[in-house]
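The figures here come from the full heavy-atom set of this structure, side chains too, leaving out hydrogens, waters and symmetry mates.
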Amino acid sequence: MLNAPQERLRDQKADQEPDTNEGVPGISTAPSPPDNQFSHPDKLKRMSKSVPAFLQDEVSGSVMSVYSGDFGNLEVKGSVQFAVDYVESLRELHVFVAQCKDLAAADAKKQRSDPYVKTYLLPDKGKMGKKKTLVVKKSLNPVYNEILRYKVERQVLKTQKLNLSVWHRDTFKRNSFLGEVELDLETWDWDSKQNKQLKWYPLKRKTAPVALETENRGEMKLALQYVPEPNPGKKPPTTGEVHIWVKECLDLPLLRGSHLNSFVKCTILPDTSRKSRQKTRAVGKTTNPIFNHTMVYDGFRPEDLMEACVELTVWDHYKLTNQFLGGLRIGFGTGKSYGTEVDWMDSTSEEVALWEKMANSPNTWVEATLPLRMLLIAKISK
């Protein structure tokens, strides 16, 4: 029998911390309040419709920001006009972004968006990999006429892909994905005059590159336990607690030289309120941090276990930014929550197996070491 560490910090201040302080060492965590949102299934059903909405670029100079943004329920439509050319004399790749047309309206009422274009050379993880145009306000047919330049050897381009995506940025600097185009530069004919001409490309829904899906992002060793609340008499328990014991992470990737200052953040989806969020302290100077930290969430009815999902994400805290390292989503992976289809109910077979084992073994710690993976991070709502 495993013994949970006595580290259940219940300081409510953590729920009131602004995002800029996330990951600062010493910030305590807080369990969900007694009037837990899981006791209101109708409210959760409404919330779950908006949960596939994702944070703005929380990561500076990382491929993770290719996948960050508010995916919401925006339809991907329209097209983008651009051209690519390699300038031998400058040893530069030039991406001439001309314009877009018939984009989806982020503001459905006023039928407008504030779009900009972002490009990446994949799988480059460095800061030079990301370039952006200016934001054009209140337009579904924005004109840019900007050149995005990359200082790169021609031979190197044969190992890369150009990812060009269109985003809406709202007044709170949150991003909404409007579509993307991807060109495989390995087979691109740089000498073709036709390839240097402006072309219209239809925007497509986002697909994560295989290279990033298979990239090693380390592992997390953890244990889970479901503790039903005892009921007087012979009545079955109506609610209970989920205990999440984050023990340690192994072989975390180094994204900024030899420095690492990692912490783990937990959210129980579909509840994306700040009161749902808990996190460990930050552990520095190691790719194998030991956290030994238990997080407790109450108000779980047995039927909620089928609808909810534990999202654990690992971050590297540096100055005022948090860089995503990898994560887990532990649940039944049904693709639905309270009758609504959601993108985040996407647990792997290993993650599903751990959740099933916990649900079938109440009052017992179940343990696993799971590989961390790329995730689309659910945004925190007020």
Side-chain angles (χ1 to χ4, degrees), residues 15 30-55 67 69-76 108 174 176-177 205-206 222 224-229 231 235-244 265-278 295-313 327-362 366 370 373 375-382:
D15 292 333
S32 46
D35 185 21
N36 191 277
Q37 302 226 38
F38 283 95
S39 61
H40 305 288
D42 291 337
K43 183 176 182 179
L44 277 178
K45 188 179 291 186
R46 292 195 301 272
M47 289 171 60
S48 66
K49 293 179 182 178
S50 61
V51 165
F54 302 96
L55 280 175
Y67 306 103
D70 179 353
F71 283 61
N73 292 317
L74 286 185
E75 178 187 3
V76 172
R174 293 176 304 203
S176 300
F177 178 72
R205 294 174 59 87
K206 180 160 292 299
L222 73 160
L224 302 179
Q225 181 179 209
Y226 180 59
V227 182
E229 187 178 289
N231 249 356
K235 293 182 179 179
T238 57
T239 189
E241 296 179 341
V242 169
H243 296 199
I244 304 156
K265 186 162 39 174
C266 181
T267 302
I268 306 292
L269 301 175
D271 184 356
T272 57
S273 67
R274 292 185 180 276
K275 292 180 179 179
S276 164
R277 182 183 57 197
Q278 299 188 40
M295 304 173 186
V296 178
Y297 289 87
D298 58 15
F300 267 92
R301 301 169 304 167
E303 55 265 36
D304 290 325
L305 297 178
M306 179 62 71
E307 312 295 342
C309 174
V310 173
E311 181 178 87
L312 290 164
T313 50
L328 306 171
R329 285 215 186 96
I330 308 172
F332 279 116
T334 59
K336 292 186 177 183
S337 176
Y338 296 98
T340 300
E341 290 189 8
V342 290
D343 292 349
W344 47 260
M345 198 60 118
D346 62 349
S347 301
T348 65
S349 57
E350 293 173 285
E351 293 163 350
V352 171
L354 180 62
W355 192 251
E356 283 182 341
K357 193 173 180 182
M358 180 204 73
N360 295 331
S361 310
V366 295
L370 301 176
R373 57 189 176 98
L375 296 178
L376 297 170
I377 311 302
K379 92 177 164 187
I380 300 298
S381 59
K382 297 293 183 183

Value rounded to 0.5 Å, distance of [atom1] in [X] from [atom2] in [Y]:
{"X": "Leu222", "Y": "Leu354", "atom1": "CG", "atom2": "CG", "answer": "5.5 Å"}
{"X": "Asp271", "Y": "Tyr297", "atom1": "CG", "atom2": "OH", "answer": "8.5 Å"}
{"X": "Met295", "Y": "Lys265", "atom1": "CE", "atom2": "NZ", "answer": "11.0 Å"}
{"X": "Cys309", "Y": "Leu328", "atom1": "SG", "atom2": "CG", "answer": "9.5 Å"}
{"X": "Arg329", "Y": "Thr267", "atom1": "CZ", "atom2": "OG1", "answer": "10.0 Å"}
{"X": "Met358", "Y": "Gln225", "atom1": "CE", "atom2": "CD", "answer": "9.5 Å"}

Has the side chain of [X] got a donor or acceptor atom that lies under 3.5 Å from a matching backbone atom of [Y]?
{"X": "Asn360", "Y": "Glu356", "answer": "yes"}
{"X": "Ser347", "Y": "Gly331", "answer": "yes"}
{"X": "Trp355", "Y": "Leu224", "answer": "no"}
{"X": "Glu229", "Y": "Thr238", "answer": "no"}

Which heavy atom of [X] sits nearest to which heavy atom of [Y], and what is that distance?
{"X": "Cys266", "Y": "Val310", "answer": "SG-CG1, 3.9 Å"}
{"X": "Pro270", "Y": "Ala308", "answer": "CD-CA, 4.4 Å"}
{"X": "Glu307", "Y": "Met345", "answer": "O-CE, 3.2 Å"}
{"X": "Val366", "Y": "Lys357", "answer": "CG1-CG, 3.7 Å"}

Residues which pass salt bridge (Lys or Arg N to Asp or Glu O under 4.0 Å) with Glu303, listed by chain and number, not counting sequence neighbours: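 In terms of salt bridge (Lys or Arg N to Asp or Glu O under 4.0 Å), with neighbours along the sequence ignored, Glu303 is linked to Arg301.
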Side chain to side chain contact (heavy atoms under 4.5 Å, CB included) against Thr348, all qualifying residues, sequence neighbours excluded: Glu350, Glu351, Arg373
With sequence neighbours excluded, residues passing side chain to side chain contact (heavy atoms under 4.5 Å, CB included) with Pro302: Tyr226
Evaluation steps, side chain to side chain contact (heavy atoms under 4.5 Å, CB included), between Ile244 and Ile268: CA-CA 11 Å; Ile244 304 156; Ile268 306 292; 4.1 Å; yes
